[in-house]
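Below is one structure, written out as structure tokens; comments come after it.
Position 1 is the first residue of the sequence; numbering continues from there.
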Amino acid sequence: MKNSGEIMEILEAYDLTGSYRSAAELAGCDHHTVARYVKMRAAGLQPDQRRHRDRAIDAFLPKIEELVVRSGGRIRADVVHKRISAMGFTGGERTTRRTVAEAKAQFRAGQRRIYRPWITEPALWLQWDWGEGPTIGGRRTSLWCAWLAWSRFRVVIPVWDKTLPTITACLDATLRRIGGVPAYALTDNEKTVSTDHIAGIAVRNPEIVEVARHYGMTIRTCLPADPETKGGSEATVRIAKADLVPKDVNLLEEYRSFAVLEAACRSFCEEVNNRVHRETRRRPVEMLAEEQQRLHPLPKQPFTVAFGTTRRVNWDATISVEAVRYSVPHPLIDTRVWARFHGDELIVTAVQADGTASEVARHQRGTPGSPVIDEAHYPERENKEGDRTPRATSAEEAAFLMLGPGAAAWLVEAATAGTRRVKAKMAEAVSLSKLFPAAQVDRALGTAAVTGRFAEKDLLSILDYQARHGIPEPTRASEAHSLQPGTSAWARFGTTTSSDATDDDEQDDFR
């Protein structure tokens, strides 16, 4: 088969001479070849097009096409080869593979879905979906991933569950973060949104309808088993999981607490929303500023009906639910929170000053008479038991504590040891500070506290010793000697002396 250039030279030679043989002499080929190409051109055929030759596998093409259609284009070529070989095909497996590939390509071309580009409009569509989050303390988390279609603004919020109150809180937080309400919200067909499908029509969960009515928006669901109708949120989930979930490809460490995961999600949102988007060539945060002008206004209060029943936080940072006290973060004292049970867990939700609803506490269900307290909800105590700092309540106590830290240590240790006449001994130390330098008296009190000497004349004795001998420098035992007893006493163990042998002989004679 000649290439296109050679064929054009042959046809040009024929057009010049008008003779098959003369054109063959000019082109350097047989005159029959010139005649064939000229006749193909006259019949409207492409001279360089390869003619189809009958193949042995052509008789089995209907069966191959049937197998490809029945399997939805997933059948393997080796399986097809076995089937047609049993039917009498004698060709090689390579021929079968080539033919099956052609049949699959034709099948995919006939089944290909044609998409119309989605032209987004400002303030029209918000999409959300769920992604599997990292495991914290052996417990799985989920990532709420929302996406504003026109500005490409993303919101990622970590949660512990995907219940309707959690969805309501995440939706409220998302709307307040974007600064308004779009016309539609698109999501998947979960039971919290669609309870059933009848004749291809999704039956909405009446509770989610109430939530949508509160915010003045319409909630739509994508077609079942067709995630392509919400590709924007799917991409948000994929990117969030790649950057937030610890995997081998990103070498992220495990999250120590849920608060660390929340901080990581906030940093992720700031990064992606301040980065130039590949499609729009603009930063999403800049486009959001334009889109906010067309968003519907937000209600002042979130939809709190789904959060449970209201409770007033007591002075001890606890709420009472079913005769059981549960702790909440101490800044919520004298405020109102919402509590609900989800299985064996109590979930407490609070509304922040900016109107955003968020989960503030989660406890295992308790029993009456046994409060459920989380120490993280309370500030650290300044003076814990066993680590008290003396504070003066009178002039005499102040005069004694002004001597220095040794005096404070002496008071703590003397009180712990049950020393008698503590106040009299404190007054004596103040009097001695007028005869001796105050630093020496404080040092003597510190020595007495360390050695446990709280008798009547102990302080004066320590002062006298320090005055005559000074303050001894701390010494360290030399490495050349050891206080460990040696093994010289065991050197004769197991040996018999002559005197011992004589004693044994006399004992034998006595017997």
Under a 3.5 Å distance rule, please check whether Thr335 uses its side chain to pair with a backbone N or O of Leu332 as donor and acceptor.
yes
Candidate pair Thr174 and Trp144, rule side-chain contact (heavy atoms from CB on, under 4.5 Å), full reasoning:
CA-CA 10 Å; Thr174 300; Trp144 161 280; 2.9 Å; yes
Within residues 132-145 or reaching into it, pairs that qualify as salt bridge (charged side-chain N to carboxylate O under 4.0 Å, His left out) - sequence neighbours excluded
Glu132-Arg140, Arg139-Glu345
Are the side chain of Glu121 and the backbone N or O of Trp150 linked by a donor-acceptor pair below 3.5 Å?
no
Charged N to carboxylate O below 4.0 Å: is that the case for Glu270 and Arg266?
no
Please give me the minimum heavy-atom distance between Ile178 and Leu288, naming the atom from each residue.
O-CD1, 3.8 Å
Between Arg176 and Asp172, is the closest basic N to carboxylate O distance under 4.0 Å?
yes
Any ring-ring contact (aromatic ring centres under 6.0 Å, His included) pairs touching residues 265-289, not counting sequence neighbours?
none
Sequence neighbours excluded, which residues qualify as side-chain contact (heavy atoms from CB on, under 4.5 Å) partners of Arg325?
Asp316, Thr318, Pro371
Between Asp196 (side chain) and Val203 (backbone), is there a donor-acceptor pair under 3.5 Å?
no
Is the backbone of His81 close enough, under 3.5 Å, to the side chain of Ser85 for a donor and an acceptor to pair up by distance?
yes
Would you say Arg283 and Asn273 make side-chain contact, with heavy atoms under 4.5 Å?
no
Compare all side-chain heavy atoms of Pro165 with those of Arg340 and state whether any distance is below 4.5 angstrom.
yes
So that I can tick it off, tell me whether Glu102 and Arg98 are bridged by a salt bridge, with the cut-off set at under 4.0 angstrom between side-chain N and carboxylate O.
no
Between Val351 and Gln301, does the side-chain contact (heavy atoms from CB on, under 4.5 Å) criterion hold? Intermediate values first, please.
CA-CA 8 Å; Val351 177; Gln301 292 295 327; 4.1 Å; yes
Expected output: side-chain Asp442 to main-chain Ala407 donor-acceptor under 3.5 Å
yes
Output the distance between atom CD (Glu262) and atom OG (Ser267), rounded to the nearest 0.5 Å.
12.0 Å
Any donor-acceptor pair under 3.5 Å from Thr447 side chain to Arg443 backbone:
yes
Under a 4.0 Å N-O cut-off, is there an ion pair linking Glu397 with Lys423?
no
Who pairs with Leu67 by side-chain contact (heavy atoms from CB on, under 4.5 Å), at least two apart in sequence or on another chain?
Lys63, Arg70, Ile75, Val80, Arg83
Go through the steps to decide whether Thr195 and Arg204 satisfy the test side-chain contact (heavy atoms from CB on, under 4.5 Å), and finish with yes or no.
CA-CA 6 Å; Thr195 58; Arg204 292 285 178 267; over 6 Å; no
Is any NZ, NE, NH1 or NH2 atom of the basic residue among Glu65 and Lys104 found under 4.0 Å from an Asp or Glu carboxylate oxygen of the other?
no
Cationic N near anionic O, under 4.0 Å, Glu291 to Arg294
no
Scan residues 298-332 for pairs that pass ring-ring contact (aromatic ring centres under 6.0 Å, His included), counting only residues two or more places apart or in two chains.
His214-Phe303, Tyr326-His363
Applying side-chain contact (heavy atoms from CB on, under 4.5 Å), name anything that partners Gln293, two or more places apart in sequence or on another chain.
none
Can you tell me if Thr168 uses its side chain to pair, donor with acceptor, with the backbone of Leu164 under 3.5 Å?
yes
Taking NZ, NE, NH1 and NH2 as the nitrogens, is one of them in Asp129 or Arg238 under 4.0 Å from a carboxylate oxygen of the other?
no
